[in-house]
There are 2 protein chains.
Amino acid sequence: MNVNSNTNRLAGILMRYHKIPDETIRRLPVYLRGLLFLSESGQERISSRNLADMLSVNPWQIRKDFSYFGDFGTRGVGYNITKLIKHINKILKLNVVHRAALVGVGNLGTAVLAYAGFRIYGFDIAAAFDINPKVIGKKINNVTIEDVSKLRMLKKRNIDIGIIAVPRSAAQETADALVKAGVKGILNFSPCYIAAPKKVKVITIDIAIDLARLPYYMPSN
Amino acid sequence: MNVNSNTNRLAGILMRYHKIPDETIRRLPVYLRGLLFLSESGQERISSRNLADMLSVNPWQIRKDFSYFGDFGTRGVGYNITKLIKHINKILKLNVVHRAALVGVGNLGTAVLAYAGFRIYGFDIAAAFDINPKVIGKKINNVTIEDVSKLRMLKKRNIDIGIIAVPRSAAQETADALVKAGVKGILNFSPCYIAAPKKVKVITIDIAIDLARLPYYMPSN
DNA sequence: CTATGTGAATTTATTCACAGCA
DNA sequence: TGCTGTGAATAAATTCACATAG
């Protein structure tokens with residue numbers, strides 16, 4: 001009993017030590033984007049202050065965020081950009097290519113399929129599905145659109161992420177199918193809550209909801 | 001001087017009293033979406049618990065959020081849905097129609113223009129601009145695409161929101177043009193920071209950045 | 001002398017527990 | 001009795017200040 005309670009306490013301390021704030025995880029991709037930009041332009045080092053100015057955030061926020069993972073920088077010098085990119089990629093598990101399947105190739109789906117911005121984070125949209133016979137067989141961005149009934153065994157095809165871009169009424173069943181096919185994460189563009197097993201992470205992006213809080217912050221005259 | 005300091009203190013107290021957490025503002029559109037859905041299906045009342053279950057959040061979070069604005073509900077009964085919708089719309093300043101101008105009618109821009117989800121919050125994309133002669137003059141969703149050089153005097157056209165869906169390299173100049181034309185808020189889809197005067201609120205949506213934190217939360221096996 | 005890394009202080013947000021009203 | 005509304009308690013995130021390393 002004493003042993004147990006000690007073990008639990010220890011586990012608690014270790015977990016607490018390793019616990020990364022969600023807000024930090026949310027910011028890491030932003031830092032990464034900036035760092036990749038700097039890397040492309042050939043820069044080798046950067047200080048927290050300069051990176052902060054560039055991204056319009058606070059330097060101490062950046063240092064605090066990085067400090068959760070160990071010593072990335074060199075005191076008096078700054079951060080080595082290449083090294084930092086590698087570190088962040090590893091933390092976010094972006095150091096391996098993630099293959100994704102898109103479901104729903106309408107206006108938004110097409111935009112997603114054509115969007116180049118995913119590649120810098122190591123994402124590859126490797127498959128696309130739709131229910132509309134008119135678009136099935138078509139090729140967009142080197143991806144041939146398949147019948148949605150073929151949506152299974154994604155795990156076998158090395159696909160671990162699903163992207164939902166279907167109408168709201170079909171969103172949940174699409175999610176269910178994706179889970180069944182073995183994806184471990186879902187990016188949902190439908191304006192609704194998606195239920196999924198705990199082991200599958202769902203992130204919902206609702207463009208309208210972000211727009212909806214804009215007027216609140218706009219001056220009235 | 002004494003008077004001044006008292007006034008300031010009073011203003012401070014009043015402002016503190018009225019200060020709404022940003023996180024609450026972020027959640028209001030989510031509640032609103034759920035309530036609109038309920039309203040459509042004819043329901044009249046709902047309790048914080050039922051709404052919470054529906055949206056997969058906590059009841060006390062909902063009650064706390066609403067409590068910043070006064071008494072919306074009836075103890076022992078719940079909330080009147082219609083009344084609540086009106087209240088939230090007013091808080092978010094969605095009780096007037098907001099006309100928006102879209103700049104950049106590529107894949108993403110087209111999807112935005114075709115997206116019906118904005119309407120429930122009272123948004124109306126009233127104008128669209130592009131630089132490509134091939135699309136200028138075309139009509140999508142009843143909006144005729146204009147030459148981007150015509151992008152000015154949006155205020156005169158009663159447009160107060162700008163939506164940026166151009167390549168990153170043109171994002172900042174587009175924002176500058178929108179500000180000059182008199183918009184008070186900008187929704188930016190370009191993967192970069194946008195500088196704007198303080199009086200203009202900018203909200204950036206970078207789809208890739210949201211996707212980028214998905215693998216972190218996905219189980220490794 | 002410069003810029004990181006981190007405990008401590010502060011601020012902000014969430015959760016709880018229950019008084020108070022229908 | 002049922003459900004809201006809200007102070008108080010807790011937890012989380014941000015900001016600060018400075019010791020520390022190059």
Minimal non-hydrogen separation, B:Tyr79 against B:Arg63, with atom names: OH-CG, 3.7 Å
Residues in contact with DNA chain C, drawn from residues 47-66 of chain B - heavy-atom cutoff 4.0 Å: B:Asn58, B:Trp60, B:Gln61, B:Arg63, B:Lys64
Under 3.5 Å side-chain donor-acceptor pair for B:His98 and B:Asp124: no
Sub-4.5 Å side-chain heavy-atom contact between B:Gln61 and B:Phe66: no
Any A:Tyr79 side-chain nitrogen or oxygen under 4.0 Å from OP1 or OP2 of C:dG5: yes
Whole angstrom value for the distance that separates P of D:dT4 from CZ of B:Arg45: 11 Å
Nearest-angstrom distance from the residue atom CZ of B:Arg26 to P of D:dA13: 13 Å
Check ion pair B:Arg33-A:Asp206 (N to O, under 4.0 angstrom): yes
Student check: side-chain heavy atoms of A:Leu94 and B:Pro215 closer than 4.5 Å: yes
Aromatic ring proximity, centroids under 6.0 angstrom, A:Tyr121 and A:Phe118: no
Value in whole Å for how far the C1' atom of C:dG5 lies from CG of A:Leu84: 14 Å
Between D:dG5 (P) and B:Phe72 (CZ): distance, integer Å: 9 Å
Spacing between A:Leu28 atom CG and D:dA13 atom P, to the nearest angstrom: 13 Å
Euclidean distance, atom CD of residue B:Glu23 to atom P of D:dA12 [Å, nearest integer]: 14 Å
Separation of C:dT2 C1' from A:Ile46 CD1 (nearest whole Å): 16 Å
Length of the line joining B:Asp71:CG and D:dC3:P, which is rounded to integer Å: 18 Å
